[in-house]
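Down below is the structure, laid out as structure tokens.
Nothing here was measured: the structure is a model prediction, and the numbers come from that model. Convention: sequence-line order gives letters A, B, ...; per-chain numbering from 1.
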Amino acid sequence: MPDPVRAALAQDLPPRPEFERVPQDVGQIGAVEAPLSLRERLFGNIAVRRGLVLIGIALLWEGYARWLNVSLLFPTFSETVRVFVADLLSGVLSERILTSLRVLLIGYAAGVALAAVLTTLAVATRIGNDILSVLTAMFNPLPAIALLPLALIWFGLGTGSIVFVLIHGTLWAIVLNTVTGFRAVPETLRMSGRNFGLKGPRYVAQILMPAASASILAGLKIGWAFAWRTLIAAELVFGVSSRSGGLGWYIFEAREELETARVFAGLFAVILIGLLVESVIFRTIEARTVRRWGMQR
Amino acid sequence: MTAPLLEARGVTLQYKTAQHLLTATYRVDLEVHRGERFIILGPSGCGKTTLLKAVGGFLEPVEGRIMLAGRPIRGPGPDRMMVFQDFEQLMPWKTVLGNVTFPLRVKRAWKAREIKERAMAALEKVHLAEFAHVYPHMLSGGMKMRVAIARALVMEPEILLMDEPFAALDALTRRHMQRELLELWRMLGFTMLFVTHSIEEAVTLGSRILLLSAHPGQVRAELNAGHLDGRDAADPAFGALTRHIHDLLFGEGREPANA
């Protein structure tokens, strides 16, 4: 039926002819896709670009230290690397690293296990959820290292105290992220899971946990970073009286003896291990899971 | 006439928001028979989705009862597979095949080989066999929806519950999916309960259409649409039914809006 409004509108428009076309064959248009040049691909590679930055930093460091020429304050890059490699080979540094990692793994594993228990309670009951929310809000802002004096009173000098602060460092970050991840699981995904007849632990394990895997992984990553920083700090504080110290103790010892290159080598090791775990281990896990699933970009 | 497969009698549904207790439907009756394409149609706020969730077992009626094959519905179950509107219903950590086999695995009634064969057969029916090993995030909206439909059909449910499954798709894909769904129905003859707010979709897909009025949802009418099967959409019978439904929902005399 004629629409008076449209008829009035169309009157103001200029008349234009209609036409139809057949799209051209792709073969005639030329290359729709073409490979990029080697240079473009090289600079498009993130590893290549960042590697260049690293080399730049090392060169700057070497140049500045040579110009300064006070190795007691600022050793050269090459000297630091030399000490680092020598101590690694002689076993001094590698032993310290192993000690640190052993304590770290104990604390981290205990933190993860405790986080799993607490999160389960929080998911299962509303009061559990409330308790955990309050606890997390209270303890999350508290730097783990601040608890070290208390830990020393309770557990004395030694591994026990460090494990205690490590648990504190990892637990809340993981709990916070996991609970947030569970809450963010889409409603229709939850309903699908229950529609299939999943209930209780099977529902949590097969729907909630994988759906929250991006958050859980983020929590594990943050927890690890906290634990690593806390561990080194704790070792620095009472490395003084501990016989079998870790990396922190290695740095502390080197400072006492004014071996600045060794201090740098210690810091080097801290950075290297941190990087290795964060950008190799966790990155690999992410690439094989949440990134592959399109749950994280 | 045989007994209805799904039967709702005087169903009143309520749900709570943070501040209010809302009545979604008020004393709704309906009967769905085997093989029917039963559409629940109504404006937003008529409680059609809530009604579907109640059939799905996610919500208990405060009054009345819902029976499937003569038994009252208690909780969700795979005899009533649901397809939702949004794409988040697929599990992003599983491939297309993994998504379709998942409900079969949960039920633990088949051997691994049989599960895979069934799932592949279902994927073939929705023309997705070649995408079996792709993760959902790489699929288009229409393909994701076809995975969800395959995942529901693979369980051979008593009734297929569809909650505005094509509402998030673009208009062309939606029309395509509607045609595919009808083809699947012709092939498999399942029973389906389909919720929509689009009159056009209801007329295109339904064999019987239940109209609900809004706030709270009450039965306004139940109409037949099966006589349109096999007819072209340009057939005047389509327009007649569309106009009739429009008049029932919005009052007579007004121009049909683009539904």
Side-chain angles (χ1 to χ4, degrees), chain A residues 1-9 126 129-130 177-178 180-220 282 284-297, chain B residues 49 52-53 55-59 74-96 98-109 133-139 144-145 147-148 151-152 154-155 157 159-165 168 239 255-256:
Chain A
M1 80 195 82
D3 185 328
V5 179
R6 267 200 78 164
L9 288 175
R126 195 161 76 168
N129 187 9
D130 290 335
N177 276 279
T178 308
T180 311
F182 279 179
R183 264 184 218 139
V185 176
E187 188 57 30
T188 44
L189 192 54
R190 292 166 187 271
M191 286 174 75
S192 293
R194 290 171 58 201
N195 186 202
F196 303 158
L198 285 174
K199 271 183 228 161
R202 271 182 97 196
Y203 171 70
V204 175
Q206 296 190 42
I207 299 287
L208 288 188
M209 286 198 20
S213 53
S215 297
I216 295 174
L217 212 55
L220 288 173
F282 277 109
T284 310
I285 296 176
E286 277 174 359
R288 294 215 173 148
T289 56
V290 287
R291 268 170 219 269
R292 186 154 170 238
W293 304 332
M295 295 166 80
Q296 193 185 67
R297 256 162 284 241
Chain B
T49 292
L52 196 77
K53 280 184 188 164
V55 176
F58 290 97
L59 192 76
R74 281 199 195 85
D79 55 342
R80 286 148 289 140
M81 289 298 282
M82 295 186 84
V83 176
F84 301 95
Q85 176 185 338
D86 68 54
F87 306 131
E88 288 172 333
Q89 61 189 307
L90 297 182
M91 294 169 285
W93 62 92
K94 285 188 183 293
T95 60
V96 167
N99 265 282
V100 179
T101 53
F102 187 73
L104 292 165
R105 283 181 211 282
V106 168
K107 212 178 166 189
R108 291 175 172 161
H133 301 287
V134 164
Y135 285 93
H137 73 103
M138 300 164 93
L139 302 178
K144 285 181 194 169
M145 207 39 82
V147 177
R151 187 173 71 173
V154 80
M155 295 299 288
I159 187 166
L160 183 63
L161 307 179
M162 306 189 93
D163 183 15
E164 304 197 39
E255 284 280 306

State, to 0.1 Å, how close B:Phe58 and A:Met191 come at their nearest heavy-atom pair, and which atoms those are. CZ-O, 3.2 Å
Steps toward side chain to side chain contact (heavy atoms under 4.5 Å, CB included) verdict (B:Met81, A:Phe196): CA-CA 7 Å; B:Met81 289 298 282; A:Phe196 303 158; 3.4 Å; yes
For the residue pair A:Pro186 and B:Glu88, what are the closest heavy atoms and their distance? CB-OE1, 3.3 Å
Measuring from B:Met91:CE to A:Trp293:CH2, what's the distance to the nearest 0.5 Å? 11.5 Å
Could you tell me which portion of A:Arg190 (side chain, backbone, both or neither) has an atom closer than 4.5 angstrom to a non-hydrogen atom of chain B? neither
Per-residue tally against chain B (heavy atom, under 4.5 Å) across A:Gly197, A:Pro210, A:Ala211 peaks at A:Pro210
Below 4.5 Å from any heavy atom of chain A, which atoms of B:Arg105 appear? Answer side chain, backbone, both or neither. backbone
Applying a strict 4.5 Å limit to non-hydrogen atoms, the region of A:Glu187 in contact with chain B is neither
Among A:Lys199, A:Arg202, A:Met295, single out the residue with the greatest number of heavy-atom pairs under 4.5 Å to chain B. A:Arg202
Under 4.5 Å from any heavy atom of chain A - which part of B:Leu161: neither
So, the part of B:Lys53 with a heavy atom under 4.5 Å from chain A: the answer is side chain
At what distance, to the nearest 0.5 angstrom, does OG of A:Ser213 lie from CH2 of B:Trp93? 7.5 Å
Could you grab the distance from atom CZ of A:Arg292 to atom OH of B:Tyr135, nearest 0.5 Å is fine? 3.5 Å
Spell out, as yes or no, whether a donor-acceptor pair under 3.5 Å connects the side chain of A:Asn195 to the backbone of B:Gly77. yes
Considering only heavy atoms from C-beta outward, does the side chain of A:Gln206 approach that of B:Phe102 to under 4.5 Å? yes
Would B:Gln89 and A:Leu189 count as a side chain to side chain contact (heavy atoms under 4.5 Å, CB included) if you check the C-alpha gap in whole Å, the side-chain angles of each, and the deciding distance to 0.1 Å? CA-CA 4 Å; B:Gln89 61 189 307; A:Leu189 192 54; 5.7 Å; no
